[in-house]
Structure formats: structure tokens, C-alpha cells
Enquirer: 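Handing you a structure now.
Note that these values count all heavy atoms, side chains included, but never hydrogens, waters or copies made by symmetry. Atoms within each ligand, like the ligands themselves, are counted from 1 in listed order.
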Amino acid sequence: MQIKSFEEYQSWHKESIESPDTFWAKVAENFEWETKWKKVKSGDFNDINFKWFEGAKLNITVNAIDRHVKKSPHKKAVIFEPNQPTASQEFLTYQQLSDEVCRFSNGLKSLGVQKGDVVCLYMGMTPELLVATLACARIGAIHSVVFGGFSATALSDRINDAKAKILITHDSVFRGTKEINLKDICDEALKTSSVENTIVARRSMKNVNFNVDNDIWWHDLVDKQLTTCAPEIMDAEDPLFILYTSGSTGKPKGLMHSTAGYMVGTTFTFQNVFQTDENSIYWCTADIGWITGHSYLVYAPLISGVTTVMFEGVPTYPDASRFWKVVEKHKITHFYTAPTAIRALEACGIEYTKNVDLGSLKVLGTVGEPINVEAWEWYNENIGKKKCPIVDTWWQTETGAMMISSLAGITKTKPCFATLPLPGVDPVLVDAEGKEIEGNNVEGNLCMKNPWPSQARTIYGDHDRFIATYFSTYKGMYFTGDGCRRDEDGFYRITGRVDDVINVSGHRIGTAEIENAINEHEEVFESAVVGYPHDIKGQGIYAFVISDVSGEQITEKIKKIVTEKIGSLARPEKIQVVKNLPKTRSGKIMRRILRKVAANDYENLGDTSTLLDPKVVEELIEGKL
Ligand code: WTA
């Protein structure tokens with residue numbers, strides 16, 4: 001179901017807000033159901049128990065695989081582009097994907113995995129990860145994919161929080177020139193967690209510690225399994241997956257997504273935003289360890305029956321032309337990446353975009369963080385050759401699907417603007433008191449007024465935290481944590497997080513998590529972490545640390561402990577040892593001041609009169625890195 005004109009967009013959006021039941025029922029007719037729904041939508045943001053398509057029964061993999069096997073079994077479902085460029089093409093047709101998913105589903109079942117069990121996936125970006133994800137969905141197990149860049153401690157926290165029964169990993173994988181010893185990290189993580197079995201897929205063929213009692217080779221498990229496996233029939237609201245993400249406080253949250261609403265929401269937005277058709281060769285560069293990979297590498301493209309490309313490597317290996325060579329090689333029509341990658345490649349020089357044929361491209365997309373004008377123009381001119389609309393898609397792990405974005409070739413684009421809400425999305429800007437800011441040319445905190453189908457249903461094991469985090473700041477609304485401007489045309493531009501979350505290279509990291517890791521170091525008394533503007537990463541991590549030790553002696557130790565506790569993605573770029581932190585009389589750290597200092601913005605420190613000791617600010621500025 002695709003919107004084909006701006007007028008159609010307007011009328012669909014209107015209907016979706018005024019009569020959500022009628023609208024989403026029409027959309028849902030395009031999927032395959034075992035039993036149709038009895039009720040389309042229930043619940044609102046006062047009673048945090050919303051449901052979509054209640055009474056319906058389905059399996060999402062029937063939509064992602066079986067449907068296409070019937071119609072076009074030999075069509076390429078997945079093209080795999082390995083880290084090491086090769087001339088040959090590795091791919092899975094829909095039939096082959098079906099066979100592999102069923103074999104692995106049967107393998108999981110043979111280990112006793114049942115509907116509702118949690119399976120943790122800690123893997124590199126190879127087809128096994130995609131197959132394992134879908135196999136979980138096939139048998140009704142809940143997948144919890146943990147990004148391969150997280151440390152053993154972070155992995156173990158996530159395994160324990162979700163009470164995962166099985167862990168799936170690789171021996172080790174290469175990303176660019178770096179080898180990531182996934183199995184070793186799993187062994188470390190399992191010292192403190194209670195997983196029954198670890199399934200190990202071969203990739204690098206390196207020798208790994210293999211515990212014959214609990215470890216199983218992927219190839220042994222799937223060997224002799226049947227290539228058919230009846231799909232487990234799920235209720236619409238049965239959980240499909242848990243995905244951890246960072247918030248402004250506390251431990252990472254395991255956001256839980258439903259089956260039917262997620263399927264309908266991700267697929268509908270995919271087809272409309274990207275305007276794909278059955279010949280599309282679509283490449284999303286995100287890792288499956290993040291929501292973008294879940295929704296727009298695995299589920300929505302496969303459910304839509306396009307060819308989805310999966311890339312194991314990094315944009316700069318063997319050199320900065322890699323992305324563009326992959327586009328040329330596979331004749332990519334739709335390309336979806338993050339601003340940080342665009343900025344990194346832009347910095348490498350224009351020559352890497354030359355001598356490659358990018359003529360297959362029709363639509364470009366960006367996601368994950370605000371894009372700056374320069375990067376937008378560079379992408380538009382050098383990659384899209386000013387012929388490809390750029391869809392700047394705003395959404396979140398919590399929203400499951402894109403929320404604000406232009407529709408390629410249908411709605412207007414404006415550099416750095418996500419532009420207009422998609423059907424079903426009813427955004428509002430509110431002031432600090434929660435009062436709606438009406439009209440155009442205004443700025444405020446971005447909230448949503450109404451539930452939408454692909455919305456996360458809860459935080460796994462902690463519904464109270466779900467309510468407190470998203471629905472308590474502003475009563476009756478979902479609070480996104482983002483600031484946003486609405487311009488004179490009513491177009492939305494996301495300005496970035498307004499809470500204590502930092503967005504580093506499109507990765508969300510809570511400052512509290514980093515501080516907790518730093519504070520575990522015995523030579524640290526206290527710390528405060530903020531983000532600061534970074535040319536490539538969007539934001540960098542700046543840590544102010546109180547310690548008796550100074551210089552490299554302490555900074556190296558801090559970097560090490562953060563890498564151990566979370567992963568190198570959270571390692572502070574700048575660490576300033578200070579005597580004091582700017583605190584109010586009640587002992588609260590004034591982060592606003594730290595953010596300004598970290599950004600070299602000393603002119604606008606604002607009111608510092610409530611500080612216990614205003615001199616602290618001068619000291620901070622003197623010691624600025
Ligand atoms: C930010 C990623 C500006 C935003 C899908 C959001 C964006 C957070 C955009 C969610 C965009 C995402 N423009 N900012 N197009 N897309 N963000 O959960 O701050 O990893 O709240 O989901 O990324 O990050 P998450």
C-alpha cells in the first residue's frame with residue numbers, strides 16, 4: 001500500500017489520526033494472517049497498555065519468507081557483502097533463506113528452545129545472524145540481539161536481565177582490519193550468567209575454547225535438520241524481540257516489541273518512505289545489533305520481498321571507496337546510512353566517490369542522529385548526483401519504525417529536516433511545563449499524542465520504569481527525549497537529545513552508564529560525563545573526573561575500565577581531571593555548565609549564582625582540554 005502523491009499523503013495522514021482503526025485495518029489487509037484481528041487499536045497514553053490487532057494470529061516469518069517462496073523462490077532475498085571484498089557474489093534466494101531458517105529453527109527446537117524463551121545473539125554481520133534472528137521468530141522465541149561491539153560485562157548484563165537461555169555467537173569476526181574475538185568475549189560473559197548452551201558459528205576458523213558440555217557448533221546443529229519447520233502461530237501482542245538501549249538514567253533498558261504491530265508499522269513505513277518496488281536492491285548499512293538493522297535490514301525489506309544487502313565490514317576498508325564500490329557492484333537502488341558515515345567519508349576526500357558508477361541509486365536515506373547541512377549537501381551532490389531524494393528518517397528504538405520523514409519523491413525534502421509525520425504519527429512540541437506549543441516557527445520538546453502500531457510495549461521486566469521513562473514527564477503523552485523545531489512550513493527538524501543521552505556516531509549512550517563505569521575505578525572519587533560537538537561523530541564523550549592522580553596515568557585507566565564495562569564505543573575521547581564539579585547547594589551537578597565548558601562555549605554559561613562555589617567554573621575552564 002503506497003502513497004503516490006502529496007495529496008494522498010495528506011488524506012492518509014488525516015484519516016490515520018481521525019480514524020486509526022479504519023486506516024490501520026486497511027494497511028493490515030496487505031499481510032498474511034492465520035486469523036484476522038477482532039479489534040485494531042486499544043489503549044491510550046493514560047492507560048499504558050496499548051494493543052494493536054488484538055485477536056489476530058500470525059507468524060512474521062510467513063510474511064517475510066513463505067509468501068515470497070510461493071511466488072518467487074529464486075529471487076535473491078539477501079546479498080551478503082563480506083568484509084574482504086571479493087569478486088564473487090554470496091547470496092540467499094528466498095527458497096534458500098527459507099531452508100536455512102527452518103534448519104536452524106529445528107536446531108533450536110532440538111535444544112529445547114520453546115515459544116517465549118529468550119535467545120541472545122552476539123554475532124558479526126553475516127547471514128547466520130539474519131538466519132538466527134528469523135529462526136527465533138519462526139519458533140516464537142524472543143530474540144535479544146546484542147551489538148558485537150559491547151564488552152563481556154555489557155553482554156553478561158543483557159543476558160542476565162533477559163534471562164536468556166541460549167547464546168549464539170561466532171568464533172571471531174573481522175571488521176576492517178580488526179578481529180573481534182566474539183567467542184572469547186562470550187566465555188568471559190558466561191562466567192557470570194546462566195546460559196544453557198552456546199551455539200558457535202564458524203567465520204574466521206580461528207581456534208577457540210570449546211566446552212563440549214555446553215558449546216555446540218552451528219554446522220553440527222543444523223546438519224541433518226529438515227528444511228521445513230511449521231511456523232509457531234503467535235498472538236498479535238506476543239513479544240517478537242527485546243532490544244537494549246540506553247536512557248538518561250540507570251542500566252540499559254530492554255525494550256520489548258510486539259509481533260503484529262511491529263510488522264505492520266515497519267513494513268508500511270519502509271514501502272512508503274523509500275518507495276521501493278519488487279526490483280529494488282536495498283542496502284541498509286546498520287548493524288543488526290541496533291534497531292535500524294532489525295526493522296530496516298531484516299524485517300521490513302524481507303516482508304516487502306525486496307533484496308536486502310548485508311555488509312560485514314566498515315566504510316573505510318580497504319579504503320574510503322568501499323561503500324560506493326558495493327553500490328556499483330550490486331547495483332543498489334536504495335541506500336540507507338548514518339550521518340556519521342557520510343561525514344567520515346567526506347573527510348577522506350572526494351576522489352573516493354569518483355570512478356564508480358552510482359547510476360543505479362534512486363533514493364538515499366539517513367538515520368540515527370541529526371545530519372548537518374554540509375554532510376547533507378555532500379551526500380546529495382556526490383552520491384545522489386542531485387537526482388536522488390534524501391529521506392531523513394527520524395525514529396527511535398522505542399518507536400520501532402520511522403516516525404517523521406519525507407516520502408521519497410512525494411513529499412518535499414529540506415536539508416536537515418525530517419520534514420513531516422508519517423501516517424499514524426501525531427507529534428506535538430511542548431514547553432518545559434508540558435504545555436503544547438502551537439503554530440509554526442517554534443521549538444520545544446518532541447512528544448507524541450497517540451499510540452502507533454510499532455511502538456515498544458514495555459521495558460522487559462519493568463513496566464513501571466517504562467511508564468516512568470516515557471509517559472510521566474508529560475501526562476498523556478509519549479516523550480521522545482528529543483528537542484525539535486517546527487519551521488514556517490510546518491516541517492520538523494530534530495535538534496538532538498534534551499536528556500542525558502549522548503549520540504556518538506549514531507550510537508545512543510547514557511552518561512550515567514559511563515559515569516558508573518568510571519566511578520568503579522578506585523582512584524576516581526566522582527565523575528560527570530557530557531557530550532560535546534564532534535566533527536565526524538556528531539558528539540564526542542567528555543569526562544570530568546575528580547581524582548588525586550592526574551595525567552595519562554589516570555586517563556588510560558579510565559579508558560580501559562569504560563572499554564571493559566561497556567565497550568570501546570563508550571570510551572571518552574577527552575578526560576579532564578578536576579578538583580571539583582559545579583554543584584548546586586543541594587549537591588546536584590549542573591551539567592548545563594559542563595556541556596558549555598566541553599563545547600568551549602564560555603560566553604553563555606547562564607546563571608551560575610546557584611552554584612555552591614562559583615569559582616569551580618574558572619577552574620574547569622583553566623584546565624580545559
Ligand atoms: C536520534 C535510531 C535526528 C534521536 C533509529 C533519537 C535522529 C535517537 C534521527 C534514537 C534523525 C534518530 N535526525 N536525530 N533522522 N534519527 N535520531 O534508539 O536523538 O538508536 O532519539 O534509534 O537518535 O536512537 P536509536
Enquirer: Is the Lys NZ or Arg CZ of Lys574 less than 6.0 Å from the centre of Tyr542's six-membered ring, within 45° of the axis?
Expert: no
Enquirer: Name the closest protein heavy atom to atom 24 (O) of ligand 1, giving the residue it belongs to and the distance to 0.1 Å.
Expert: Arg508 CD, 3.2 Å
Enquirer: Would you say ligand 1 has an N or O under 3.5 Å from any N or O of Thr245?
Expert: no
Enquirer: At a non-hydrogen distance cut-off of under 4.0 Å, which region of Glu369 contacts ligand 1 (side chain, backbone, both, or neither)?
Expert: backbone
Enquirer: Rounded to the nearest 0.5 Å, what separation is found between the NE2 atom of His257 and the OG1 atom of Thr266?
Expert: 10.0 Å
Enquirer: Decide whether an N or O pair under 3.5 Å exists between Arg497 and ligand 1.
Expert: yes
Enquirer: So if I count the atoms of ligand 1 from 1 in the order they appear, which ones are less than 4.0 Å from some heavy atom of Asn503?
Expert: 1 (C), 23 (O)
Enquirer: Are any of the side-chain heavy atoms of Phe274 and Lys362 separated by less than 4.5 Å?
Expert: no
Enquirer: With nothing but distance in play, are any N or O atoms of Thr397 less than 3.5 Å from an N or O of ligand 1?
Expert: yes
Enquirer: Ring centroids only, cut at 6.0 angstrom: are His294 and Phe241 within range, meaning strictly under it?
Expert: yes
Enquirer: Can you name the nearest heavy-atom pair linking Val118 to Lys163, along with the distance?
Expert: CB-O, 4.3 Å
Enquirer: Hey, is Val501 touching ligand 1 through its side chain, its backbone, both or neither, going by heavy atoms under 4.0 Å?
Expert: neither
Enquirer: Val367 to ligand 1: N or O pair under 3.5 Å?
Expert: no
Enquirer: Could you find the nearest protein heavy atom to atom 16 (N) of ligand 1 and give me its residue, atom name and distance?
Expert: Gly368 N, 3.1 Å
Enquirer: Give the contacting part of Thr292 toward ligand 1: side chain, backbone, both or neither, where contact means a heavy-atom distance below 4.0 Å.
Expert: side chain
Enquirer: Is the cationic atom of Arg158 (NZ for Lys, CZ for Arg) positioned less than 6.0 Å from the six-membered ring centroid of Phe150 and within 45 degrees of its normal?
Expert: yes
Enquirer: Run the salt-bridge test on Arg591 and Asp500 with the 4.0 Å N-O cut-off and return the result as yes or no.
Expert: yes
Enquirer: Give the ring-plane orientation class for Tyr478 versus Trp452, where under 30° counts as parallel, over 60° as perpendicular and anything between as tilted.
Expert: perpendicular
Enquirer: Going by heavy-atom distance to atom 15 (N) of ligand 1, choose the closest among Thr366, Asp392, Leu255, Asp499.
Expert: Asp392
Enquirer: Distance from Ile390 atom CD1 to Leu364 atom CG, nearest 0.5 Å?
Expert: 5.5 Å
Enquirer: Quick check on Ala418 - does any of its heavy atoms sit under 4.0 Å from an atom of ligand 1?
Expert: no
Enquirer: Against ligand 1, does Trp290 come closer than 4.0 Å with any heavy atom?
Expert: no
Enquirer: For Lys537 and Glu573, what are the C-alpha separation, side-chain angles and deciding distance, and is it a salt bridge (charged side-chain N to carboxylate O under 4.0 Å, His left out)?
Expert: CA-CA 11 Å; Lys537 299 178 172 185; Glu573 215 115 42; 3.0 Å; yes
Enquirer: Starting from atom 4 (C) of ligand 1, which protein heavy atom do you reach first, and at what distance in Å?
Expert: Asp482 OD2, 3.1 Å
Enquirer: Can any side-chain N or O of Asn272 pair as donor or acceptor with the backbone N or O of Met1 at less than 3.5 Å?
Expert: yes
Enquirer: Number the atoms of ligand 1 from 1 as they appear, then name those within less than 4.0 Å of a heavy atom of Ile494, with their elements.
Expert: 3 (C), 14 (N)
Enquirer: With atoms numbered from 1 as shown, which atoms in ligand 1 lie under 4.0 angstrom from a non-hydrogen atom of Thr393?
Expert: 9 (C), 11 (C), 15 (N), 16 (N)
Enquirer: Just need the protein heavy atom nearest to atom 10 (C) of ligand 1, so name the residue and atom and give the distance.
Expert: Trp395 O, 3.6 Å
